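The structure appears below as structure tokens.
Being a predicted model, the structure only gives us computed values, none of them experimental. A, B, ... follow the sequence lines: proteins, then strands. Residue 1 opens every chain. Scope of the values below: all heavy atoms of this structure, side chains included, with no hydrogens, waters or symmetry mates.
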Protein chains: 2
Amino acid sequence: MNISETITFSDTGPEDRSSTIREALRNAIIDRRLAPGTKLSEAEVGALFDVSRTVARAALQMLTFEGLVKTERNRGAFVSHPSPDEARQVFASRRLIEPGIVAGALERITPSDIAHFRRQLEEEARHMNERGPAARRAEIKASGDFHLLLASVCGNAILQKFMDELVARSSLVIALYGRSGISSCGHAEHSAILDALENGDGKRASTLMIHHIDHIEADLDLQLKQGSGLKDALSLS
Amino acid sequence: MNISETITFSDTGPEDRSSTIREALRNAIIDRRLAPGTKLSEAEVGALFDVSRTVARAALQMLTFEGLVKTERNRGAFVSHPSPDEARQVFASRRLIEPGIVAGALERITPSDIAHFRRQLEEEARHMNERGPAARRAEIKASGDFHLLLASVCGNAILQKFMDELVARSSLVIALYGRSGISSCGHAEHSAILDALENGDGKRASTLMIHHIDHIEADLDLQLKQGSGLKDALSLS
DNA sequence: AGTCGCAAGATCGCATACAATTTGAACTCG
DNA sequence: CGAGTTCAAATTGTATGCGATCTTGCGACT
């Protein structure tokens, strides 16, 4: 496993090591370097990051709270394998929250923010034009970052935290249920939303956002093919 | 301190003890038996519930994730003391989410649910007619339970979790900034919302809900009297 | 041959021990 | 008498050890 990327703790400063591990695992999960269903043993995680089980456990507990990891008592922690129903709930939540985020962002967005968005969208476009699984992972991540940036502009830390969780879960869902062929449809819509925001047209931006979310969800294949948990093992190994 | 209420672990079964402690602390916080700013030392919490620091720490970590507790590295955990700005963010989030919850609940609510709501509202009314701080605490809690019940009916576990957090934070905010005199205005509005739901009038229910939230927030005194964190110490000790 | 039971191995839950950091106070010096 | 410094008490951060629980492989019994 090469989960730990090129992480040397010194980079992030002496701050919470468990948070650093959480972020690394989080990135690995939403990048799909860690497949849903993968077991994350405390000892293994601890060994990978060269810490004790205590801090590894703390990181896993945080991820469990975010819904990216599922822990079963006396059995361990596993990368979440959201059911189609959970997937629908994720998108229902986003449909509810994101229009409000757009409205909030509209009132506080600055030219400097817009420039930031433009750079972000360029990045996104670059990944879109590349091929290969690495590029696709980067694309999913970049697409999520657009929504997170929007949430940060809106200035509500609570909503931002909610969006953090929703975007992360979405990445999992897309990786699991996405029909890979048509997945790169989001970029133009991001641009359009940003344009509407720049023109101060909040109504249009909200509408575009809802359609955008609809499109993402429509691109999924959410037929319920799984009963309980035996499929986990089936799909992962 | 009598935080632990009448808790004997055997009640909740052999499940996670840290979760049990989390709930007990959570209740104590939203009931205002634990004042904002109060220090929650790991050792003290552990002693109160007769567990080691390890599990106490886990409970505190969960509460930190919910925003009910703030931990500072190497300094400890404290009951959150939300700023007026945070308070506004809480209510902004609720204004965004709860209408959607109402809409979701409308489609799934059953007569049995409605009966449940009625019983809940009676309970609420009982506390409203009593006097004293204990009754007021119970009233705040019961009022929150109405919203949580609504969220549970809506059938979206993610939104339900969000509402859990928002309602808990609201209780803190109300306890901190509520003008105590007029606080008991919510009951009639809850009834009205339920009536609208029963009649299938989702539009009206949503509108009532927004007004309800507006009223709650309007009843607060959110003048920003505090600069940073020195006031915490000032108000707690 | 199939099934049940049992024991060994692995992993987690929790407690405890030790290290690191902060805080507050006593103490010294100007 | 006040300011600065040093040290000790308290508290958190982290590691590790032990018991409990679950899994799994092997063997005996039907």
**Message:** Between A/Gln120 (side chain only) and A/Ala142 (backbone N and O only), is there a donor and an acceptor less than 3.5 Å apart?
**Reply:** yes
**Complete:** In whole angstroms, the gap separating C1' of D/dT14 from CZ of A/Phe49 amounts to 17 Å
**Request:** Could you tell me which non-hydrogen atom of A/His81 sits nearest to which non-hydrogen atom of A/Gly37, and how far apart they are?
**Result:** CB-N, 4.4 Å
**Asked** Atom CD of B/Glu42 and atom P of D/dA10: how far apart are they, to the nearest Å?
**Response** 17 Å
**Message:** Is the phosphate of D/dG13 approached by B/Arg57 (side-chain N or O, under 4.0 Å from OP1 or OP2)?
**Reply:** yes
What are the atom names and distances for every N/O pair under 3.5 Å that joins the protein to nucleotides 16-22 of chain C?
{"from": "C/dT16", "atom 1": "O4", "to": "B/Thr54", "atom 2": "OG1", "distance (Å)": "3.3"}

**Prompt:** Would you call the rings of A/Phe117 and A/Phe146 parallel, tilted or perpendicular, where under 30° means parallel and over 60° means perpendicular?
**Reply:** perpendicular
**Request:** List in numerical order all residues of residues 58-66 of chain A for which some heavy atom is under 4.0 Å away from an atom belonging to DNA chain C.
**Result:** none
**Prompt:** In whole angstroms, how far is the P atom of C/dA15 from the CG atom of B/Asp50?
**Reply:** 8 Å
**Prompt:** Rounding to a whole Å, what distance do you find between A/Arg17:CZ and D/dG13:P?
**Reply:** 12 Å
**Asked** Using a distance-only test with no angle check, is there a side-chain donor-acceptor pair under 3.5 angstrom linking B/Arg94 and B/His147?
**Response** yes
**Whether B/Phe65 and A/Phe65 hold their rings parallel, tilted or perpendicular, with breakpoints at 30° and 60°** = tilted
**Complete:** note: B/Glu44, atom CD; D/dT12, atom C1'; distance rounded to Å ~ 14 Å
**Asked** Taking it one step at a time, do A/Asn27 and A/Lys141 satisfy side chain to side chain contact (heavy atoms under 4.5 Å, CB included)?
**Response** CA-CA 9 Å; A/Asn27 281 333; A/Lys141 178 142 203 309; 3.5 Å; yes
**Complete:** Rounded to whole Å, NZ of B/Lys70 lies from P of D/dT12 at a distance of 18 Å
**Request:** Flag the pair A/Lys39 and A/Glu44 as a salt bridge only when some basic side-chain nitrogen lies within less than 4.0 angstrom of an acidic carboxylate oxygen.
**Result:** no
**Asked** If you count the non-hydrogen atoms of other residues, nucleotides and ligands that lie under 6.0 Å from CD in A/Glu107, is the total more than 12?
**Response** no
